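One structure is given here, and the rest of the page talks about it.
These numbers were taken from a predicted model, which means no experiment stands behind them. Numbers restart at 1 for each chain; the letters A, B, ... are given by sequence-line order, proteins then strands.
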Number of protein chains: 2
Amino acid sequence: MRDKESLRWISERYFEQNGTHYQTLLTPPTPLQFSRLVHISRPVLIKGVKIAEDLTKLWTNDYLIDRMGERPISVAVTPNGRADAVTPYDGTHYFVEPLVEQMATSELLSSLSTAVSERSDIYYLQSQNGNVYRARSASLEEGPVSEFDSLKRDIPEEITWCSEALGLPPDAVNLWVGDSRSVTSVHSDPYENIYCVIRGKKIFTLFPPSEGWLLEEREYPHATYTRSSPSSDLKILPSGKTVRWSSIPEPDIYPPSGTHPIHIEVGAGDAIYLPAGWWHHVRQSGPTVIALNWWYDMEMSGMTWVMLSFLRGMHLEGDDNAEDDNL
Amino acid sequence: MRDKESLRWISERYFEQNGTHYQTLLTPPTPLQFSRLVHISRPVLIKGVKIAEDLTKLWTNDYLIDRMGERPISVAVTPNGRADAVTPYDGTHYFVEPLVEQMATSELLSSLSTAVSERSDIYYLQSQNGNVYRARSASLEEGPVSEFDSLKRDIPEEITWCSEALGLPPDAVNLWVGDSRSVTSVHSDPYENIYCVIRGKKIFTLFPPSEGWLLEEREYPHATYTRSSPSSDLKILPSGKTVRWSSIPEPDIYPPSGTHPIHIEVGAGDAIYLPAGWWHHVRQSGPTVIALNWWYDMEMSGMTWVMLSFLRGMHLEGDDNAEDDNL
């Protein structure tokens, strides 16, 4: 328990030093300004991002369906809108991944904010694997791997002020399409993230890396939603693997004692800079919510990676899975 | 002792991640490149710094004496070249500051690398208080406070690529004049530091902030060298104050177990970027060693300051002064 005192000391000092303030920029930063923001590593709401503003107008449902045609895309399917979340099942808790089904863009869009047949399954395009662009060695791949080839003309490969600031191209560019029934459970990524909302609104609840230990990551058994036939209900199928994930289901509503959540609403045409290692829980609002994000590798030289690992309690590995772990 | 395990874990992971490598630039960085280097926060040897190269040629002893004239300057005087160092006295150890005496530049320069009268006192111009320029509110003061007004025409108020990268002017600019008998004991500063050597050579022994706890800072009683008359010997005079300082006298020669010192020689015309919080022990080589440094306030938003405090063991305050503190 003494080691938790270090984490408590750091999280309290970090809050004293920084509060819950976040900066709002009315226009995108220059590369040099953004480089300074990356060094500070706090979230920034960025308005006036031209690509987001342009696509807000361009990307109507008709336009997207017209451009995508019948090409199948990979969509996450869950019974409750909680893909990649800790879910009770069979007397225990599992980290459950969604079922991924192929469908036409028109089917995804028509499902949003309406019940999908009698099953009420919830669809969310959230593949997060660089579904638009993905880095291959040094340059971004533009091969046939993307399901969204026909949208690439609209989507820049990089955010220039970010690429110039960091001195590298993005590692992955993702398209997200869902509705207010889908929620992203709290987690952190080892990426610098530029997240642009194109339609609807995203509500981020953010915790600094220093408060990650209060989000109580534990190892959960891993499972996936599946179904035996296209018409049957979703079932949870354990895989035998485990996943380390936060134990806090709704930190936006019930933040753990000692945390200081920052709530940031990102509207259509706006972007947020989400620094590497920041914990984020994401709700969305609107009948159809569309977003794009650019993930950049974080700087691995220096102290940042070591600190993020420490703040996640990696130095406690081996004794942090105990259920009686009173913080 | 459990809390030291956190510090050990971080220092070991930091070394695994970064080794003892340091970058050498053959020309100064652009502001954007330097901003990235500040984020990485590791030392960088920088060659081709024009101001250092120019002054290497311009600043002969004759030139300096001619420009400075008889104007008195404040020089640190010690019996052993160890200003601001832990020194045994009267059965205990004191942190001892130098006596500061006023003299003409010609007297300082003629003393270097020669015995000063029968006393063999050692002179080192190292006032470190912004002896050339000092920030007052937002802009650098150019009033009559500096003893080096007549050298200011030669000394730029700022290093432009550093000021632009950080978005602020320097907090202090210092001139250093000494010889190989003077040594700076290991310590760290909360400043981003651009340190240029004009004549001679400086040998830096550097430790990352993560290894600061192995340098064993303790509270020492404070004292100052003094003398009763201009012709009498230097004596140590305790002040009743205390100073927190490293217990390791020669970490360049005897690095503590678990540390990974980085040795960097900075020759005339070269500069070193010494990131905030890095521990540095400095020797010098040459009959006359002249240097200039520009101190910039470090970024106080974000995690850096909290981490530097943690790595100095500030969370252990109250139980780290015990003499039986076995690491």
Side-chain angles (χ1 to χ4, degrees), chain A residues 1-19 21-23 30-43 161 164-168 192 208-210 275-278 298-311 313-317 319, chain B residues 1-19 21-23 30-43 161 164-168 192 208-210 275-278 298-311 313-317 319:
Chain A
M1 287 311 100
R2 292 265 294 159
D3 284 345
K4 291 275 168 70
E5 287 174 26
S6 295
L7 296 173
R8 185 184 308 281
W9 189 93
I10 292 171
S11 59
E12 289 175 354
R13 291 302 88 68
Y14 183 86
F15 174 67
E16 284 170 10
Q17 187 90 0
N18 294 281
H21 173 76
Y22 67 91
Q23 224 182 314
T30 65
L32 180 54
Q33 287 166 339
F34 188 64
S35 175
R36 288 184 205 140
L37 292 171
V38 170
H39 183 47
I40 292 172
S41 197
R42 288 186 58 82
W161 41 265
E164 285 181 35
L166 302 177
L168 43 77
E192 308 292 356
S210 52
W278 274 70
M298 62 175 287
E299 177 59 63
M300 296 302 283
S301 296
M303 180 58 84
T304 311
W305 175 253
V306 176
M307 274 318 302
L308 291 181
S309 303
F310 178 74
L311 294 173
M314 291 309 185
H315 60 301
L316 306 175
E317 279 292 271
D319 57 276
Chain B
M1 286 311 98
R2 291 267 293 160
D3 284 345
K4 292 275 169 72
E5 287 174 26
S6 295
L7 297 173
R8 185 184 307 280
W9 189 92
I10 292 171
S11 60
E12 288 176 355
R13 291 302 88 67
Y14 183 86
F15 174 67
E16 283 169 12
Q17 189 89 1
N18 294 282
H21 173 76
Y22 67 91
Q23 224 182 313
T30 66
L32 179 55
Q33 287 166 340
F34 188 63
S35 176
R36 289 184 206 139
L37 292 171
V38 170
H39 183 47
I40 293 173
S41 198
R42 288 185 58 83
W161 43 265
E164 286 183 35
L166 302 177
L168 43 78
E192 308 291 357
S210 54
W278 274 70
M298 60 174 288
E299 177 59 64
M300 296 302 283
S301 297
M303 180 57 84
T304 311
W305 174 255
V306 176
M307 274 318 302
L308 291 182
S309 302
F310 178 74
L311 294 174
M314 291 309 186
H315 61 301
L316 304 176
E317 279 292 271
D319 56 275

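- Heavy-atom distances place no part of A:L37 under 4.5 Å from chain B, backbone and side chain included.
- Neither the backbone nor the side chain of B:S41 comes within less than 4.5 Å of any heavy atom of chain A.
- Note on A:L166, A:T30, A:T304: by heavy-atom pairs under 4.5 Å with chain B, the leading option is A:L166.
- For A:Y14 and B:F310, the gap between ring centers reaches or exceeds 6.0 Å.
- Of the residues considered (A:M307, A:Q33, A:H21, A:R13), A:M307 shows the highest number of contacts with chain B, using heavy-atom pairs under 4.5 Å.
- Of the atoms belonging to A:M303, heavy atoms from both backbone and side chain fall under 4.5 Å from chain B.
- A:W305 meets the ring-ring contact (aromatic ring centres under 6.0 Å, His included) test with no other residue; sequence neighbours excluded.
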- Query: Which is it for A:F15 and A:S210 under the side chain to side chain contact (heavy atoms under 4.5 Å, CB included) test, yes or no, and what are the steps along the way?
  - Reply: CA-CA 9 Å; A:F15 174 67; A:S210 52; over 6 Å; no
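- Every residue two or more places apart in sequence or in another chain that forms a side chain to side chain contact (heavy atoms under 4.5 Å, CB included) with B:I40 is listed here: A:E299, A:S301, B:R42.
- With hydrogens and angles ignored, the 3.5 Å screen pairs a side-chain donor or acceptor of B:E192 with a backbone N or O of B:A276.
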